[in-house]
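Worksheet for the structure shown next.
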Amino acid sequence: MAGGGFSAGPDGREFEAKITPIVIISCIMAATGGLMFGYDVGVSGGVTSMSPFLKKFFPVVYRRTLEQGINSNYCKYDNQGLQLFTSSLYLAGLTATFAASYTTRKFGRRPSMLIAGIFFIGGTILNAAAQDLAMLIIGRISLGCGVGFANQAVPLFLSEIAPTRIRGGLNILFQLNVTLGILFANLVNYGTSKITGGWGWRVSLGLAGLPAGLLTLGALLVVETPNSLVERGLLDQGKSVLKRIRGTENVEPEFLDLVEASRIAKEVKHPFRNLIKRRNRPQLIIAVALQIFQQFTGINAIMFYAPVLFDTLGFGNDASLYSAVITGAVNVLSTVVSIYSVDKVGRRILLLQAGVQMFISQVAIAIILGIKVKDHSDDLHKGFAIFVVVLICTYVAAFAWSWGPLGWLIPSETFPLETRSAGQSVTVCTNLLFTFVIAQGFLSMLCHFKYGIFLFFSGWVLIMSFFVLFLLPETKNIPIEEMTERVWKQHWLWKRFMDDDDYHIEGNNGDGLKKNGHANGFDGVSQL
């Protein structure tokens, strides 16, 4: 049943928009890209803690885990090859993003999601059938290419197809599916670790085919966004889709707004060059900073290596996987909290509250581990072990209703149309680059920093909280087209970058196109 309502437009006008079944279904199908991403994140930590997997691909690490008293607890998994198994996916994703940006802009959001699904399926087959380390890494690289295309297209798709008033909640479907993917992977790992015969890891890696298939099917079934159709000159199709997804015939004001936004965007010959111009710097700085900060919360270090981390702390293999399932479940439930609260309490409140919660829990974890877990002892008593899991769950919960979803939502809703594809590219690239850095370095950092790894990440949480407090404006319930007037020009610092005299776009012929006027004889020109 479609829900009636209005979606705010430029100049304070309201666009009629119902929450139609086609919007809900399209968003759910598209967000399965997040399910695949999450499964890839969660599955790697589980299989790398399985003895048969280590014995086949990483015999040095396998022997080290069996030796008692020779290696530090914190260092037994410190191996560059093992870290490369996890991190190669993100390096491949970083490279694929450049191709994904072109595909998303030139051919639409749907083709990019379809390509992502095909890469995911290919990588899954290679990983499940892997006979040596090279085959394993090539499979991870294929999965990484899928991540690059999915992360480029899906957040754009969700932000463009959703009515303004529920844009935040629908966009967080992507992050919710990431968390569901992680939980699914943790449950699968817990089950497959019980399989005798040493082939359980193949099942874990092979079951990635389920979300991969869902994404591929979804890409074939969903509608293309009106923004993308108009951007590519398919105006009649764009209007037809807009009517379908808004559930009303009265779409003319919103359609004209999209056409004008597209006209302005087409004047831009070099989106990346325009991206670094003065007027676009606030969006660029915030998007890049959010991606760096998201990784330096330390969340992926915990999600990639949760079973390995718990095993390092002396939990034992079964207990490690079980604890990872608990943190995965907390991750999912807390992301649901974000869906319901992001468009009510706003982005800033969630980020600031979570900053306090993450900081306190990480410092407490560091203190307990510093006292109880030494290099050559597993002296983490049951009471302390449970307390550490509770603290990690407290930390994961705070991340899941703040930096997790909002790290993707805020950049997707702040870039203007003429730089949105380029901006999303930079966002995804930055995220994948720093995900790669953390994935490749975490086990070595754990070996050298020991319990201090949590103090390292808590210091970053403090820095990012101050960044939010002073430099991140609130974007709750503000249409993408009105961001300049209602957000950037009102901020104490960023308004200095929004001088009207400088507010023009470099056109195809190098002429300046002023954006603040009303063109084509109608009011309400999109203030992109």
Side-chain angles (χ1 to χ4, degrees), residues 28-54 56-57 85-86 88-90 92-93 113-114 116-131 133 135-147 149-151 154 174-219 300 303-308 317-318 320-329 331-332 439:
I28 290 171
M29 295 301 283
T32 53
L35 192 66
M36 186 69 218
F37 187 23
Y39 190 87
D40 286 332
V41 168
V43 79
S44 56
V47 296
T48 52
S49 70
M50 293 181 189
S51 295
F53 178 83
L54 290 174
K56 183 172 181 64
F57 297 107
F85 164 70
T86 299
S88 57
L89 183 147
Y90 305 98
M113 290 191 284
L114 184 61
I118 292 167
F119 270 124
F120 280 140
I121 290 170
T124 299
I125 292 168
L126 284 170
N127 272 352
Q131 297 301 314
L133 185 57
M135 194 170 172
L136 197 67
I137 299 296
I138 291 169
R140 291 289 287 180
I141 289 170
S142 179
L143 290 172
C145 292
V147 166
F149 274 88
N151 282 11
V154 173
F174 181 73
Q175 182 65 24
L176 177 63
N177 271 322
V178 171
T179 62
L180 283 169
I182 292 170
L183 176 60
F184 179 42
N186 288 335
L187 288 167
V188 167
N189 285 334
Y190 185 67
T192 57
S193 67
K194 310 287 188 190
I195 295 175
T196 55
W199 49 272
W201 61 269
R202 291 193 187 276
V203 178
S204 288
L205 295 176
L207 281 176
L210 289 179
L214 277 176
L215 177 63
T216 309
L217 179 65
N300 276 342
M303 287 302 170
F304 292 154
Y305 299 114
V308 169
N317 193 43
D318 268 7
S320 301
L321 289 167
Y322 187 61
S323 301
V325 170
I326 293 171
T327 56
N331 197 11
V332 173

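Only this structure's heavy atoms are used, side chains among them; waters, hydrogens and symmetry mates stay out.
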* To do: For side-chain contact (heavy atoms from CB on, under 4.5 Å), just list the numbers for Asn331 and Thr327, CA-CA rounded to whole Å, side-chain angles, deciding distance to a tenth of an Å, and then say yes or no.
  => CA-CA 6 Å; Asn331 197 11; Thr327 56; over 6 Å; no
* To do: Mind running side-chain contact (heavy atoms from CB on, under 4.5 Å) on Thr124 and Asn127 for me, showing each step along the way?
  => CA-CA 5 Å; Thr124 299; Asn127 272 352; 6.0 Å; no
* **side-chain contact (heavy atoms from CB on, under 4.5 Å) evaluation trace for Tyr90 with Val41** => CA-CA 10 Å; Tyr90 305 98; Val41 168; 3.2 Å; yes
* To do: Apply the test side-chain contact (heavy atoms from CB on, under 4.5 Å) to residues Leu183 and Val325: give CA-CA distance (whole Å), side-chain angles for both, the deciding distance (0.1 Å), then the verdict.
  => CA-CA 6 Å; Leu183 176 60; Val325 170; 4.2 Å; yes
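Taking OG1 of Thr192 as the start and CH2 of Trp199 as the end, the distance is 9.5 Å to the nearest 0.5 Å. Put simply, CG on Leu187 and CD1 on Ile182 are 12.0 Å apart, with the number rounded to the nearest 0.5 Å. Here the straight-line distance linking atom CG of Leu215 with atom CZ of Phe37 works out to 13.0 Å at 0.5 Å rounding. Atoms CG and CE, on Leu214 and Met36 in that order, are 10.5 Å from each other to the nearest 0.5 Å. Note that CD1 of Ile137 is 13.0 Å distant from OG of Ser142, once rounded to the nearest 0.5 Å. For the atom pair CD1 of Ile138 and CG of Leu143, the computed distance is 12.5 Å after rounding to the nearest 0.5 Å.
In plain terms, the two heavy atoms of Ala116 and Gly146 that are nearest each other are CB-O, 3.4 Å. The shortest heavy-atom contact between Ser44 and Arg140 is CB-NH2, 3.8 Å. Pairing each heavy atom of Phe119 with each of Phe149, the nearest pair is CE1-CE1, 3.9 Å. Here the shortest heavy-atom pairing between Ala150 and Gly33 reads CB-CA, 4.5 Å.
Two residues are said to be in side-chain contact when any heavy atoms from C-beta on lie closer than 4.5 Å; Val178 and Leu35 fail this criterion.
Applying the side-chain hydrogen bond (donor to acceptor under 3.5 Å, both in side chains) test to Asn189 and every residue at least two apart in sequence or in another chain returns Ser204. The ring pair (Phe, Tyr, Trp, His ring centres under 6.0 Å) check on Phe184 picks up Tyr39, with sequence neighbours excluded.
Aromatic ring pairs are classed by plane angle as parallel below 30°, tilted from 30° to 60° and perpendicular above 60°; the pair Phe53 and Phe85 is tilted.
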